[in-house]
Structure formats: C-alpha cells, structure tokens
Amino acid sequence: MNPRLSVVVPLLNESENLPGLFESLHRGLTGLSAEILFIDDGSRDGSAALIEQCQKTDPRVRLISFARNFGQTAALSAGIEKARGEVIVTLDADGQNDPADIPALLAVLDQGADVACGWRRTRHDPWLSRRLPSAIANRIISWVTGVALHDYGCTLKAFRRSAVEGLRLYGEMHRLIPVWCAWRGAVIREIEVRHHPRAHGRSHYGIGRTFKVLLDLLTAKFFFSFLTSPSHPLGGLGLVFLFLGFLAGLFPILDKFVFNHWAVYRIPFMILSVFLGLLGMQFLALGVLAEILVRIYYENKGEKPYRVKRVVPDDAGPR
C-alpha cells in the first residue's frame, strides 16, 4: 500500500547534517503514513552510505543516487517522479528547514489548496550573498508571473500529486515549481515556516544562481504565455519591424520627390529600411516555424493545450 506522504530530500555532501536530519524527520513524521526519499546528487563525502545505514532501522527510507552531480532541479524532478505518496513534500537536507512544519503544510492542503509554500520570514542566512539577491528575485518573479509569493527559494513545500504530475523541470526551474503549478490551474497558498542556522558546512549555491533563475523565468514566461500561439509575439515583432522599415524607406523618397531636397542621410535611411524589412520577414518566418513545431509537439505527445480539473457529472461519454 502506498503511503499518503512522500518527503523528497535532495542532498549534496551533507553527511555532517544527516544525523540531525534523521532525528528531526522521525519527530516531524510521527503518526503520518510517509516515505522518505533521499536524492543523492553525486555526493562524495559518504552521505549515501549514511542513508543506507538508516535504511536498516527505518523501512520508510528510500535512496536514489545520481551517477554525478546534476543539480538541485534534477534531484527534485527525480524525487517527484519516483514518489509514491498522494502528497509530496520537498525539504532541504542542510537542517535549515524544520520537518516539524510538515503537518502545518498538510493542513493547508486539507483546506483546499493544491500547493503549500513555506515562507522563511526570519532567515538565518548572510544578508548580502543570500537574502538580498533572494528578495530581489522574489519580487521580479512575482511581478513577471503574477504569482505573488514572498519566498520562492524555500524548498519546504507540499504538493498534491495531481499538481506536479507530468511536470518536467530543467535548469534552475525548481524555484519556479509554484509558478508552473499556478499556470496549470493549481491553488497556491503560503505559510510561515521556521528557518534554522546551518549547523555544519556551507551552502553549495551562491549568488550566481540568481541570474540563472531569472533566465529560466524568461523561458517559463514564454512557454506559458505563448506556447499555444508563438506566432503572436514573433509575428507581432515582425510586423513592427516591417512598418518601421517602411517608414525608414518612405522618408527619403518623400524628401526627394515631394520636397525636392538632396541630402547624404538618404542612403543610411534606405539601408536601415532594407535591414528592418529583412528583420521583420525573419520574425514572421520564425513565428510560422514556431507554430508548426508547437503543433508537432501537441500531436506527437497526445497532449492538449488545456487541463480539465473536473467534469460534473462525469458520464464518461465521448472525449
């Protein structure tokens, strides 16, 4: 029988923090039907061996070991894919997230939410290298996506399986999981959770990851805003460039034949007109190609450009 809850814990070289994590997970999951799925992202400090020892005394523990370091997004993606529970909780292995907050996240789901996100209102991290870039990224992500959260970087989250099933994550997309879920129609809620100082080691992620997240944000925005109609933004840009090219070519013609002037700026304007015209044609052609690729994507995978939440009554009629 599958457990109700799957706790997914990605980790990289956290052998010093694992003993304390085992204890806090044991306390936090008391009375819950749960499995604990550790994703070893290429650790070289004996973390996998410690987890295998824990398996001997706790049958709830499962381990997936990567052949090398693939990153936190890949680890979370593998954990979500292999999880067997109806609810999936993600948790950091460094001891800064508190498993004692898991019941509070589950209570939010029981109240009707599809995703419960932790908010580390009081953070015990360096201000310049961690808290400041995180605050900036949170504001930008909320503004661009329309999904307002205080703390996208908090790994402690709970998801209904239906909210993340079939989700494919790349790059640094794990921070944007709530965005992908919201764009698929999920109800998102945020609650305050505890955040502890790191007891051992140091973070494996620095300020440079913030810029990767912002680049992935642009990709995500394009996918969910224009995936079903990519020719709209691309074709729109093409038409704008064609119009500007027409104006750039029209100006020297009018200046010559209507106003009967001659000036050296006509040749640069004509070159600019040709350049903008070619650029506009390229964007129009790119839009058409993108439309063809989108149709191939949906047809080959048998996917629909929509998601049905429920049918009332569900008469199982023609689909």
Residue pair Gly85 / Ser6: nearest heavy atoms and the distance that separates them: N-OG, 2.7 Å
Considering non-hydrogen atoms only, spot the tightest contact between Leu11 and Ser43 and give its length. CD1-OG, 3.6 Å
Min side-chain heavy-atom separation Val8-Leu76 under 4.5 Å: yes
Can you check whether Asn13 reaches Arg44 side chain to side chain, under 4.5 Å on heavy atoms? yes
Pairs flagged by salt bridge (Lys or Arg N to Asp or Glu O under 4.0 Å) wherever [range] is involved - sequence neighbours left out:
range            : result
residues 22-37   : Glu35-Arg62, Glu35-Arg84
residues 141-152 : Arg120-Asp151
residues 107-116 : Arg4-Asp110, Asp114-Arg160

Any ring-ring contact (aromatic ring centres under 6.0 Å, His included) involving residues 49-94? Give me the pairs, sequence neighbours left out, ordered by first then second residue. Phe66-Phe70
Please identify each residue that fulfils ring pair (Phe, Tyr, Trp, His ring centres under 6.0 Å) with Phe159, with sequence neighbours left out. none
Please check this pair: side chain of Gln72 against backbone of His174, looking for a donor-acceptor N/O pair closer than 3.5 Å. no
With no hydrogens and no angle check, is any side-chain donor or acceptor of Asp92 less than 3.5 Å from a backbone partner on Leu156? no
Are side-chain N/O atoms of Asp40 and Ser47 paired as donor and acceptor at under 3.5 Å? no
So which pairs with a foot in residues 283-294 pass side chain to side chain donor-acceptor pair (under 3.5 Å), sequence neighbours left out? Ser231-Glu291, Glu291-Arg295
Indicate the ring-plane relationship of Phe22 and Phe38, choosing parallel, tilted or perpendicular according to the 30° and 60° boundaries. perpendicular
